[in-house]
Number of protein chains: 2
Amino acid sequence: MSRLTRDDIITGAGNRFASHGYHGTSMRDLGEDLGILGSSIYAHVGGKQELLTAVIDRGSAYFEASANDAIEAASGPRDQLNRLISGHINVVLDHRAETRTYLSETEFLPAEDHQRIVAARSSYERTFVDCIAGGQEIGVFDRTADARLVAIYVLSILNAVDRWFSEQGRLNRKELATDITGFVVSGLGASR
Amino acid sequence: MSRLTRDDIITGAGNRFASHGYHGTSMRDLGEDLGILGSSIYAHVGGKQELLTAVIDRGSAYFEASANDAIEAASGPRDQLNRLISGHINVVLDHRAETRTYLSETEFLPAEDHQRIVAARSSYERTFVDCIAGGQEIGVFDRTADARLVAIYVLSILNAVDRWFSEQGRLNRKELATDITGFVVSGLGASR
DNA sequence: CCTACCGATCGGTAGG
DNA sequence: CCTACCGATCGGTAGG
């Protein structure tokens, strides 16, 4: 058993914060998960708040990277929308602890970090709005819809995925992404 | 200044739990909000856990009542879907504290209460699934869609509404309900 | 609903 | 990373 790294501590904190909440986690709880004492955590990080920031920074970075990948690889608005959706699903399922903390505990961040994360989130959401608006301009999406509202609807669906999706269920990730893209584009109206 | 009732305490607890989380709320915090001492709360309720249960029970009851109203008044699947959506929006906006607590803090309920609330929530969600499946049977909704998945998508959108909707925004509640219903039925494909 | 507490637990530190 | 702590705060109670 070798010594823990700072990254190990952040990972452990993410797991605890995701399942018990930031305020429901004590440094002693976290230490127990990691096999050390609560007080020993202070050899690696400055304090509990710093751990929350580190966990949420990770979550935020995963989403940003996913959006950048989608923009680079996309061949058009509909393809980009599918890539954004698929990427978001992969992020929340591959990094459940960080993204759950990011989505549920951001409000408990120190003011400075909170502002930074909210700005990054706005930028990420703008990627969805721009993609939808771009599709409306070239006529592949309905022009009468409000792109900002549709982006909010899509992100609401995506942010909840980790709460119900199971890898052992009827659909795999790729199929879920296709289903959500189809739902967003056609709803219950046209056959997909 | 008259004495507080048990209901007042529960309302105050809902407000605190919604903004600071259950674990982020101390009995002294709550007392301060109510203008009494933390220890005085115990004259009205058995403990902090009991407060969480009481707040979430309220939230759960609002959703149940809304679903029952929609079922009674509906003239068909599409009308019922619109009523379920509109009702859900009204519940989360009229009872922000209780519903936010219901949606975010249910996991911290004592096991027995947790089971009861999860069962009630399943029943509520089934109303949405049945409505969609009913519409598919009579051909007003696309038969190839998975009713359960669509219900999850709709509820994901609805549960996030209180996080971004403003009464002073471009849309009022009724218009938002219409927009969401339109989105669910037509997506970005057909014009609504 | 307040006064006056209780033991337990909290985030965090000094020194090794 | 542990030992040995610190003052502050926690949920909760007895008695009025």
Side-chain angles (χ1 to χ4, degrees), chain A residues 1-57 97 101 104-114, chain B residues 1-57 97 101 104-114:
Chain A
M1 284 219 243
S2 67
R3 290 192 144 217
L4 296 170
T5 64
R6 189 187 143 96
D7 276 356
D8 294 332
I9 311 281
I10 296 167
T11 298
N15 289 326
R16 263 277 156 181
F17 293 163
S19 56
H20 293 79
Y22 174 67
H23 291 300
T25 298
S26 75
M27 295 302 267
R28 285 162 180 83
D29 289 337
L30 176 51
E32 206 170 334
D33 287 353
L34 295 165
I36 60 177
L37 292 177
S39 58
S40 300
I41 297 169
Y42 292 88
H44 297 94
V45 293
K48 197 183 166 188
Q49 293 235 43
E50 188 181 316
L51 278 175
L52 182 63
T53 300
V55 170
I56 290 179
D57 275 343
T101 303
S104 300
E105 313 289 321
T106 293
E107 54 190 322
F108 303 127
L109 242 21
E112 213 171 301
D113 296 321
H114 186 257
Chain B
M1 288 218 245
S2 69
R3 289 192 146 221
L4 295 171
T5 64
R6 189 187 143 94
D7 277 355
D8 294 332
I9 311 279
I10 296 167
T11 298
N15 288 327
R16 263 277 157 179
F17 294 164
S19 56
H20 295 78
Y22 174 68
H23 291 299
T25 298
S26 75
M27 296 301 267
R28 286 163 179 84
D29 289 336
L30 176 51
E32 206 171 333
D33 287 353
L34 295 165
I36 59 178
L37 292 176
S39 58
S40 300
I41 297 169
Y42 292 88
H44 297 95
V45 294
K48 198 183 164 188
Q49 294 235 43
E50 188 181 315
L51 278 174
L52 183 63
T53 299
V55 170
I56 290 178
D57 275 343
T101 304
S104 302
E105 313 289 321
T106 293
E107 54 190 322
F108 304 127
L109 242 21
E112 212 170 302
D113 295 321
H114 186 257

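Just so we're on the same page: letters track the sequence lines, and every chain starts at 1. Just so we're clear, the structure is a prediction, and the values are computed from it rather than from any experiment.
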Among dC2(C), dG12(C), dC1(D), which nucleotide has an atom closest to any side-chain atom of I36(B)?
dC2(C)
Distance in angstrom units between E50(B) CD and dG12(D) P, rounded
10 Å
Could you please name the option among dG11(C), dC1(C), dC2(D) that lies closest to any side-chain atom of S40(B)?
dC1(C)
Between L30(A) (CG) and dC1(D) (C1'), how many Å, whole number?
14 Å
Would one find a side-chain N or O of S39(B) under 4.0 angstrom from OP1 or OP2 of dC2(C)?
no
Could you give the CG-to-C1' distance, from L52(B) to dG11(D), as a whole number of Å?
15 Å
May I ask you to check whether over 12 heavy atoms, not counting those of E32(A), lie within 6.0 Å of atom CD?
no
Give one of base, sugar-phosphate or nothing for I41(B), where a contact means two heavy atoms less than 4.0 Å apart.
nothing
Between dG11(D), dC2(C), dC2(D), which one does the side chain of L37(A) approach most closely?
dC2(D)
Between CD on residue E50(B) and CD1 on residue I9(B), distance to nearest 0.5 Å:
11.5 Å
So, does S40(A) use its side chain to make a donor-acceptor pair with the main chain of I36(A) at under 3.5 Å?
no
Stepwise side-chain hydrogen bond (donor to acceptor under 3.5 Å, both in side chains) test for T11(A) and D8(A):
CA-CA 5 Å; T11(A) 298; D8(A) 294 332; 5.6 Å; no
In terms of heavy-atom contacts, H44(A) and R6(A) come closest through O-NH1, 3.7 Å
Does S26(A) make a side-chain N or O approach to OP1 or OP2 of dT9(C) shorter than 4.0 Å?
no
Just need the stems in DNA chain C: three or more back-to-back Watson-Crick or G-U pairs, each with both distances under 3.5 angstrom, sorted by first number.
C:1-16 with D:1-16
Interatomic distance, E32(A) CD vs dT9(C) P [rounded to whole Å]
12 Å
NE2 of H23(B) versus C1' of dT9(D): gap in Å, rounded?
16 Å
Which part of the nucleic acid, if any, lies within reach of G47(A) when heavy atoms closer than 4.0 Å are counted: base, sugar-phosphate only, or nothing?
sugar-phosphate
How do G35(B) and R28(A) order along DNA chain C: which one's closest nucleotide is nearer the 5' end?
G35(B)
What is the separation between atom NZ on K48(A) and atom C1' on dT9(D), rounded to the nearest whole Å?
13 Å
Output yes when a side-chain donor or acceptor of D29(A) lies under 3.5 Å from a complementary backbone atom of S26(A), and no otherwise.
yes
Between CZ of R16(B) and P of dG11(D) the distance, given in whole Å, is 11 Å
Which value, rounded to the nearest 0.5 Å, describes the distance between D113(A) atom CG and L52(A) atom CG?
8.5 Å
Hey, what's the ring geometry for Y22(A) with F108(A), parallel, tilted or perpendicular (30° and 60° as the breaks)?
parallel
Atom CD of Q49(A) and atom P of dG11(C): how far apart are they, to the nearest Å?
11 Å
Side-chain N or O of Y42(B) less than 4.0 angstrom from OP1 or OP2 on dT13(D)?
no
Nucleotide nearest R3(A) (side chain, heavy atoms from C-beta), chosen from dG11(D), dC2(C), dC1(D):
dC1(D)
